Chemist: 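Let me give you the structure first, and then I'll get to my questions.
Treat the numbers as computed from the prediction; the structure is a model and nothing was measured. Just follow the structure's listing: the first ligand is 1, and inside any ligand the first atom is 1.
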Amino acid sequence: MTEKDLIPSAYTNQVDKGSFEWSAPSNIALVKYWGKKANQIPANPSISFTLNNCKTITKLAYERKEDTNGISFDLLFEGQPKESFRPKIEKFFERVAGYLPFLEEYHFTIDTHNTFPHSSGIASSASGMAALAMNLMSLERELNPAMTDEHFYKKASFLARLGSGSACRSINGSVVVWGLHAEVEGSSDLFGVPFTGDVHEVFRNYKDTILLVDKGEKQVSSTVGHDLMHGHPYAERRFAQAHDNLSAIKKALTEGDVSAFIGIVESEALTLHAMMMTSMPYFILMKPNTLEIINHIWKFRQDTGIPVCFTLDAGANVHVLYPESVAVEVLGFINAELLVYCQNNQYICDEVGTGALSLY
Ligand code: PMV
């Protein structure tokens, strides 16, 4: 599929008014996307677990308007107008307008909220853009009822990517690959695709407990972070490493090799942070408590043999990953030893999920 296939020909149907509602989850990358080319094309492929509980729920109401000059929408967050979110949505609409020619024909009301606290330091851009993209595709499918499911989901992921790169991995479950990779059939830089390998049962209900170390605004936006990979002294080597790590994790996921999985996932998290520490300007996005948690996880794993590991996003919070079969032990460990390192003792329990859901 090329970008051209995502530009629709004339619509066969007409609709004047209605609404849709979708929920879309957050996702956690195992092999990280860090660095991009023009138009949100990733510099390297990535793979993620789709999450289940951290979600954005978005209702999109649409009404045909008289004029067709410009995009018009109202935006509500938790039921209240939210001016500060508008610029991001405006930019998103501008980027996708060429692929959704109906956009200027309607006035939209977007009513959105998250299932996780807004000030948790958990980015809502992935789930938010994915939920909006699903709603827009529902409208496009009304206008073109012959659309296949395959086209619907691929284009939804394509649109979400234009809003926020990693959002393209929040459409499908439960393991998603984004970015062209020699060993992943159907993989593309344009959209995320479900991992088609047979995921071993140990990974099927994998748990992700998110420890909220720092609930503040991100110190470095991901836009600035991705940009720092241009001219970065280690960029090319890092991009090649991501290809290798994706091959290796693919094998670990199908064989149920938890120890190989742990090695790749933790190395990826630390590499992401190493890229930021070695860019110009340079940043340290971990906090002292991030390191405390990592050291406690390593000691617990060493002492008990329980296969628990961590990953990080571009921030200080820690995602603790572990098989369902050791959930009781790991939650006991988290409560006894890690909560003291979380802001207000806060953490969020999540797990691998199935992707966006229609609620209408
Ligand atoms: O989707 P963005 O532009 O916010 O970038 C997200 C990048 C990481 O979360 C750090 C890694 C990833 O692959 O999700």
Side-chain angles (χ1 to χ4, degrees), residues 24-51 54 56 85 88 91-92 95 120-133 157-172 175-181 184 187 189-193 195 208 210 214 217-230 232 235 238-239 241-243 245-246 249 264-277 279 283-286 290 310-319 321 350 352:
S26 186
N27 70 78
I28 182 68
L30 305 169
V31 171
K32 309 284 180 182
Y33 149 61
W34 199 242
K36 62 178 162 185
K37 305 175 195 165
N39 301 324
Q40 306 273 92
I41 295 297
N44 66 259
S46 56
I47 187 168
S48 53
F49 279 149
T50 307
L51 296 181
C54 291
T56 297
F85 282 9
K88 225 177 164 178
K91 200 163 168 193
F92 170 67
R95 282 186 185 164
S120 59
I122 298 183
S124 58
S125 55
S127 52
M129 289 299 171
L132 186 53
S157 175
F158 171 87
L159 297 175
R161 184 197 103 235
L162 293 173
S164 167
S166 61
C168 76
R169 298 189 313 238
S170 276
I171 302 292
N172 292 105
V175 182
V176 176
V177 175
W178 168 40
L180 196 59
H181 186 274
V184 181
S187 60
D189 285 346
L190 298 178
F191 40 75
V193 293
F195 176 65
D208 178 4
I210 310 164
D214 184 11
E217 284 279 305
K218 277 193 190 173
Q219 196 192 121
V220 181
S221 74
S222 54
T223 311
V224 171
H226 289 294
D227 257 6
L228 291 171
M229 290 303 277
H230 291 292
H232 191 294
R238 157 61 197 154
F239 301 146
Q241 178 200 40
H243 282 265
N245 279 346
L246 213 149
I249 207 164
I264 299 159
V265 166
E266 291 192 343
S267 163
E268 276 287 322
L270 296 179
T271 301
L272 168 70
H273 282 252
M275 288 298 114
M276 277 176 286
M277 286 193 235
S279 61
F283 295 95
I284 299 180
L285 301 185
M286 291 186 208
T290 312
F310 72 87
T311 189
L312 308 165
D313 269 339
N317 294 336
V318 182
H319 289 247
L321 301 177
D350 214 330
V352 169

Chemist: With heavy-atom distances below 4.5 Å as the criterion, would you say the side chains of M277 and L285 are in contact?
Modeler: no
Chemist: Give the atom numbers and elements of ligand 1 that come within less than 4.0 Å of a heavy atom of G165.
Modeler: 1 (O)
Chemist: Quick one: which of K32, R169, R161 has a heavy atom closest to atom 12 (C) of ligand 1?
Modeler: R169
Chemist: Does any N or O atom in W34 lie less than 3.5 angstrom from one in ligand 1, N or O only?
Modeler: no
Chemist: Give the residue, atom name and distance (to 0.1 Å) of the protein heavy atom nearest atom 9 (O) of ligand 1.
Modeler: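 Protein heavy atom at minimum distance: D313 OD1, 3.4 Å.
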Chemist: Using 30° and 60° as the class limits, which term best fits the ring planes of H243 and H181: parallel, tilted or perpendicular?
Modeler: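 Rings of H243 and H181: parallel, as their planes differ by under 30°.
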Chemist: Can you confirm whether K32 sits close enough to M275 that some side-chain heavy atom of one is under 4.5 Å from a side-chain heavy atom of the other?
Modeler: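 The answer is no; the side chains never approach within 4.5 Å.
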Chemist: Under a 3.5 Å cutoff, is there a donor and acceptor pairing between the side chains of K88 and S164?
Modeler: no
Chemist: Any atoms of ligand 1 less than 4.0 Å from a non-hydrogen atom of A29? List them with their elements.
Modeler: 12 (C), 13 (O), 14 (O)
Chemist: What residue and atom, counting heavy atoms only, is the protein's closest point to atom 7 (C) of ligand 1, and at what distance?
Modeler: Y33 O, 3.5 Å
Chemist: Can you find a pair of side-chain heavy atoms, one from T311 and one from L30, that are under 4.5 Å apart?
Modeler: no
Chemist: Give yes or no for whether the N/O distance cutoff of 3.5 Å, strictly under, is met between N27 and ligand 1.
Modeler: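 No - when backbone and side-chain N and O of N27 are compared with those of ligand 1, no distance drops under 3.5 Å.
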Chemist: Please tell me if the side chains of V176 and I47 come closer than 4.5 Å, counting only heavy atoms from C-beta onward.
Modeler: no
Chemist: In the structure I gave you, are the side-chain heavy atoms of L321 and F310 within less than 4.5 Å of one another anywhere?
Modeler: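 No. Closest side-chain heavy atoms not under 4.5 Å.
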Chemist: Provide, to 0.1 Å, the distance between atom 2 (P) of ligand 1 and the closest protein heavy atom, together with that atom's residue and name.
Modeler: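 Result: S222 OG, 3.5 Å.
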Chemist: What's the spacing between L246 CG and S187 OG if we round to 0.5 Å?
Modeler: 8.5 Å
Chemist: Using heavy atoms and a 4.0 Å limit, tell me yes or no: is H226 in contact with ligand 1?
Modeler: yes
Chemist: Counting from 1, what ligand 1 atoms have a heavy atom of S166 closer than 4.0 Å?
Modeler: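 Per the distance check, 1 (O), 2 (P), 6 (C), 14 (O).
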Chemist: If I apply the N/O under 3.5 Å rule, does S164 come out as touching ligand 1?
Modeler: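 Indeed, backbone or side chain, S164 has an N or O that close.
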